[in-house]
Each structure stands twice: as structure tokens, then as C-alpha cells.
Amino acid sequence: MSSLADTCRKFTKLSAMQIEILKRISMSFPLIADLAHAHLTVYVQSKEADRLIIAAQVKPHTTFSPIDIGQAGESIRVQEEPIIWRTMTTGKPIQGKREWVLGLMIDMYTFAIHDGAKVIAVMSFETNSEELKIDAYAQLLETACVILVNARKPIDADLYRPLSASDGIIITDQNNRIIFVNTAVVRIYKVLGVGNLIGYHMFDRQLTMHITKETIVSQRPYEKELEAGDLVLVQRNIPIMEAGKLLRRVVIISDITELRMKDKEILIKSAVIQEIHHRVKNNLQTIASLLRLQSRRSKSEEVKAALRESVNRILSISVVHEFLSQQDAEIIDVVEVTKNILSLVAQNMLDPDFELETRFSGGTIILPSEQASNLALIINELVLNSIEHAFENQTTGIIGLDITKSKMEYVIDLYDNGAGLPDDFEPRNSKSLGLQIVRTLIEDDMSGTFELYNDHGTHAKITVPSSLGGGK
């Protein structure tokens with residue numbers, strides 16, 4: 001609630017220390033509103049003696065709240081809020097009623113916020129207790145106020161994070177005796193064979209005997225994941241202490257059984273998919289090995305060259321499946337794929353004495369597996385083209401990849417520093433199977449454009465929509 005401090009500085013006479021108190025306790029407002037199942041509003045006195053300022057508002061996550069008092073920073077005449085003004089001037093909590101709409105009355109509970117000497121703000125809880133139908137609602141409200149007072153001290157914002165409508169709530173007294181449970185907790189413990197919880201010690205054997213596994217979250221020592229019967233629960237323990245003594249304990253229990261079952265299913269599916277990619281990669285490499293064997297037995301240089309190109313096409317696709325077999329997500333880093341393809345082509349096509357330098361600039365692109373497979377084939381064909389035509393009668397050469405990104409498109413520039421394209425070269429009229437494959441994949445499958453041009457060597461410029469993947 002970053003606006004609370006700004007509102008107070010702008011519209012009130014509160015001191016910096018008083019504003020800091022309000023700012024500190026505001027971290028607890030969402031949890032307090034959720035516990036009280038009520039719309040929470042904080043009022044401070046305006047610079048004008050006869051007016052109040054709304055400093056903050058929080059709607060609860062645990063119940064529907066149609067209430068809308070006004071906006072933060074809004075000024076209200078004290079005559080319009082007599083209950084708020086009475087608590088502001090006397091410091092005493094008050095229970096009253098407010099007519100929300102014609103004929104509809106809602107409950108209103110006000111509490112003073114002190115700086116140690118005087119009232120600096122008033123907190124109002126507004127709810128319809130008749131519709132809530134919560135037994136021992138007073139315990140929820142009282143606990144919310146205990147947390148409010150305790151929140152003047154530095155608190156862990158994550159510990160005091162909001163609740164959800166499905167969370168179970170247990171409240172104990174200073175002796176860890178349970179004084180309140182909500183229906184979600186009753187439902188959970190019924191599954192575990194435990195009936196009425198009121199009056200039980202929080203750590204009673206009967207309540208803990210069903211726990212078969214307990215895991216403490218290292219970043220959250222106050223939070224545990226428990227396996228009890230067929231349930232998986234997360235338990236958040238919020239002890240409210242004063243001078244080393246327990247005042248109240250709030251325990252939040254969330255049933256995450258279904259979530260963990262889905263996590264397990266996802267892990268199993270991920271493992272199966274990774275195994276499939278691993279087997280596809282192995283099968284592709286087996287096919288490549290058979291083609292190499294056939295190439296060695298052939299006496300035709302033309303057949304050998306065609307088989308070598310086929311081997312590289314197959315291995316370029318296997319590179320993608322190799323990546324996918326080693327990770328959970330079905331996405332591929334384009335730069336990493338390009339590096340592996342260059343390595344494969346260098347092994348299969350380059351003279352051992354040729355020195356190839358590779359350069360990469362401009363970040364990378366993350367693509368889904370289908371598009372990455374297309375791009376792997378495209379890069380393979382373009383690299384083969386450079387190896388075959390760019391470096392004739394040379395002993396060294398450079399092949400580079402430069403990536404530029406915008407909101408609308410990715411531009412992938414694969415280039416070499418070789419001899420360049422012939423002056424009469426027309427890409428559209430080329431009968432090269434490799435270039436035909438490249439153009440078909442880019443224009444038809446990836447909805448992109450393809451351009452070949454000279455600039456201190458040959459540049460193959462690929463432009464594809466950014467909607468294909470994500471940048472890094």
C-alpha cells in the first residue's frame with residue numbers, strides 16, 4: 001500500500017514517525033481483512049479539523065464484499081461518519097450498524113490505532129454477519145485486532161500474506177488450546193477421522209497421529225507441507241507474541257492434494273516426452289549411420305554428396321530432439337541449436353585443415369519445438385551452402401549468427417566472409433534443393449521472409465513473426 005504514506009503526508013498533520021507506524025502495520029491489512037471476512041477501511045484526521053481522510057482500503061479474499069466506501073485520499077465530513085469520529089476522539093472500540101443501501105444494514109466494528117500516546121487512525125471492519133453465519137465470529141475479529149497491534153513490530157510480509165476462500169483457519173489461545181476453526185478445517189479433519197476440534201491442544205496426539213510425512217520449506221520456516229492420510233496439506237503457523245509470550249496462534253491450512261496430483265501427472269508426462277525425444281534422436285542417428293555406410297559403398301561422387309547432405313539434414317533435426325530430451329520445456333534456444341549444427345557440419349563436411357571461426361551476437365530466441373525443428377533444417381541448409389560455396393581455395397573462414405528482436409518480428413542473419421554470391425545470382429530462380437527447402441520452411445511454415453545478399457560475404461536474412469516464440 002504505497003499510497004498510504006503519500007496520502008497521509010499530503011492530507012494530514014501526522015508526524016513522520018506516526019506515518020511510519022501506519023505504513024508498517026499496513027503490511028498486515030490483507031491478512032486482517034481476510035481473517036475478519038470484512039471490508040477494511042483506515043481513516044485519519046484531515047488537516048481540516050472537521051474532516052476525515054480515507055488512508056487505505058482492503059477488500060477480503062474470503063468473502064464477497066460489495067462495499068465501496070470511497071477512494072484513498074477522499075475527504076469525508078466527520079458528521080457523515082459519527083462512529084468513526086467517536087472512536088477517533090475516545091480511542092474506544094465501537095460496534096454499530098451502517099445502512100449500506102436502503103433497508104440493508106451491515107455490521108461495523110471500529111478500532112483505534114495508537115502511536116503510544118494518542119489515536120492516529122481508526123480502522124473499520126464492515127461485513128454482514130448474518131450472511132456470514134460464522135460461529136464464534138468474535139474470535140476472528142479479536143484475533144484480527146491482536147495481529148493489528150502486533151504488526152507495529154517488524155513483520156515478515158510473506159508470513160502475513162493474504163488467505164484464499166478455501167483456506168482452513170485454526171486459532172488458539174495463549175495455551176495453544178483451539179478456540180476457533182472454520183468449516184474448511186472441519187472438513188479436512190473429518191476426512192482424517194477427527195470430530196470436534198474446539199478445546200483440543202493444537203499439538204494433541206489425536207490431531208497429529210495421521211501425519212505420515214512432514215517437510216519444512218527452507219525459505220519459510222513457519223510453513224510445512226504435510227501428508228496426512230490421502231491428503232497433502234500446507235500448514236502456515238503464525239504465532240502472535242508479546243514480550244516472549246504467546247498471545248494467539250493462527251494456523252492456516254491449505255489442501256493442495258489435487259495440485260500435487262496434477263504436479264505428479266505433469267512430471268510423469270514430462271518424463272515420457274523426454275524419453276520419446278531421446279528415442280527419436282537415437283533413431284535419427286541410426287538412420288544417419290546407415291546413410292553414411294551406404295555413402296561409403298557408393299562409387300558415385302554425386303550420390304556420396306547427396307547422401308552427406310541427407311545425413312546433415314537428419315542430424316540437424318536430431319540436435320533439436322537431443323535438447324528436448326534433456327529438459328522439461330518444449331522450447332529451444334536458437335543459438336545453442338546453431339552452435340551444435342555448426343559443430344556437426346564441421347565434423348562431416350569440412351577439410352580437417354580448414355579453420356572455421358564462429359561468431360554469435362544479439363542475444364537469442366526461444367522457439368517451441370516444432371518451429372525450432374524447422375529452423376534447425378534452415379540453418380543446416382544455409383551452413384552447408386556456405387561450406388560448399390563460400391570458402392573455395394581458402395584455409396580459414398567465418399560463419400556468424402546475428403539476432404535482432406522487436407515486438408513484431410525476429411531477424412536472424414546468418415552470414416559468412418566468403419566469396420559472396422555471383423553477380424548474376426537470382427535466389428528465386430535457383431534450382432538448389434537446399435534453398436528451395438529453406439524458402440518453403442520460412443515462407444510457408446513460419447510465415448516469414450527470406451533474403452540473400454552480399455556484404456563482405458554472403459548474408460542470409462530470415463525474418464519471422466515474434467509470435468512464434470519468446471526472447472531472452
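Position 1 is the first residue of the sequence, and the numbers go up from there.
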Within 6.0 Å of [atom1] in [X], more than 12 heavy atoms from elsewhere:
X: K92; atom1: NZ; value: no
X: R24; atom1: CZ; value: yes
X: N175; atom1: CG; value: yes
X: E258; atom1: CD; value: no
X: E357; atom1: CD; value: yes
X: K245; atom1: NZ; value: no
X: N282; atom1: CG; value: yes

What is the distance from atom [atom1] of [X] to atom [atom2] of [Y], rounded to the nearest 0.5 Å?
X: D413; Y: I403; atom1: CG; atom2: CD1; value: 10.0 Å
X: I379; Y: L384; atom1: CD1; atom2: CG; value: 12.0 Å
X: Q95; Y: M108; atom1: CD; atom2: CE; value: 11.5 Å
X: S447; Y: Q371; atom1: OG; atom2: CD; value: 8.0 Å
X: N237; Y: R249; atom1: CG; atom2: CZ; value: 4.5 Å
X: D333; Y: N340; atom1: CG; atom2: CG; value: 10.0 Å

I238/L31 under side-chain contact (heavy atoms from CB on, under 4.5 Å): CA gap, chis, key distance, verdict:
CA-CA 11 Å; I238 310 173; L31 176 62; 4.0 Å; yes
Counting only N and O atoms by type, is there a donor-acceptor contact under 3.5 Å from the side chain of [X] to the main-chain atoms of [Y]?
X: N128; Y: I106; result: no
X: S254; Y: I256; result: no
X: R86; Y: I83; result: no
X: S28; Y: A151; result: no
X: R152; Y: H114; result: yes
X: Y137; Y: A36; result: yes
X: R236; Y: L159; result: yes
X: K224; Y: L233; result: no
X: T110; Y: T87; result: no

With side chains defined as the heavy atoms from C-beta onward, is the minimum distance between [X] and [Y] less than 4.5 Å?
X: V464; Y: I365; value: no
X: F111; Y: V122; value: no
X: T127; Y: H39; value: no
X: M202; Y: I170; value: yes
X: F360; Y: K339; value: yes
X: P162; Y: H61; value: yes
X: L401; Y: Y415; value: no
X: Y109; Y: S124; value: no

Closest non-hydrogen atom pair, [X] against [Y]:
X: L291; Y: S310; result: CD1-CB, 4.1 Å
X: N150; Y: Y160; result: OD1-OH, 3.4 Å
X: L382; Y: A460; result: CD1-CB, 3.7 Å
X: S466; Y: S406; result: CB-O, 3.9 Å
X: A184; Y: D167; result: CB-O, 3.7 Å
X: A288; Y: V311; result: O-CG2, 3.7 Å

Are any of the side-chain nitrogens in [X] or [Y] under 4.0 Å away from the carboxylate oxygens of its partner?
X: D173; Y: R248; value: no
X: R260; Y: E227; value: no
X: R439; Y: E381; value: no

Among T7, L4, L22, whose side-chain contact (heavy atoms from CB on, under 4.5 Å) with V44 holds?
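Only match with V44 under side-chain contact (heavy atoms from CB on, under 4.5 Å): L22.
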Please determine whether side-chain contact (heavy atoms from CB on, under 4.5 Å) holds for the pair I179 and I198, giving the CA-CA distance in whole Å, both sets of side-chain angles, and the decisive distance to 0.1 Å.
CA-CA 6 Å; I179 58 175; I198 302 298; 5.9 Å; no
Find out whether the Lys NZ or Arg CZ of K461 is both under 6.0 angstrom from the six-membered ring centre of F450 and within 45° of the ring's axis.
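No, cation not above the ring by the 6.0 Å, 45° rule.
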Determine, step by step, whether I253 and I188 satisfy the side-chain contact (heavy atoms from CB on, under 4.5 Å) criterion, reporting the C-alpha distance in whole Å, the side-chain angles of both residues, the deciding distance to 0.1 Å, and the verdict.
CA-CA 9 Å; I253 298 179; I188 289 169; 3.8 Å; yes
Run K97 and E126 through salt bridge (charged side-chain N to carboxylate O under 4.0 Å, His left out) and show every step you take.
CA-CA 9 Å; K97 294 278 188 179; E126 296 178 48; over 6 Å; no
Walk me through whether L40 and I32 qualify under side-chain contact (heavy atoms from CB on, under 4.5 Å).
CA-CA 8 Å; L40 180 156; I32 291 172; 3.9 Å; yes
N283 side chain to T286 side chain, donor-acceptor N/O pair below 3.5 angstrom:
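Absent: no donor and acceptor within the cut-off.
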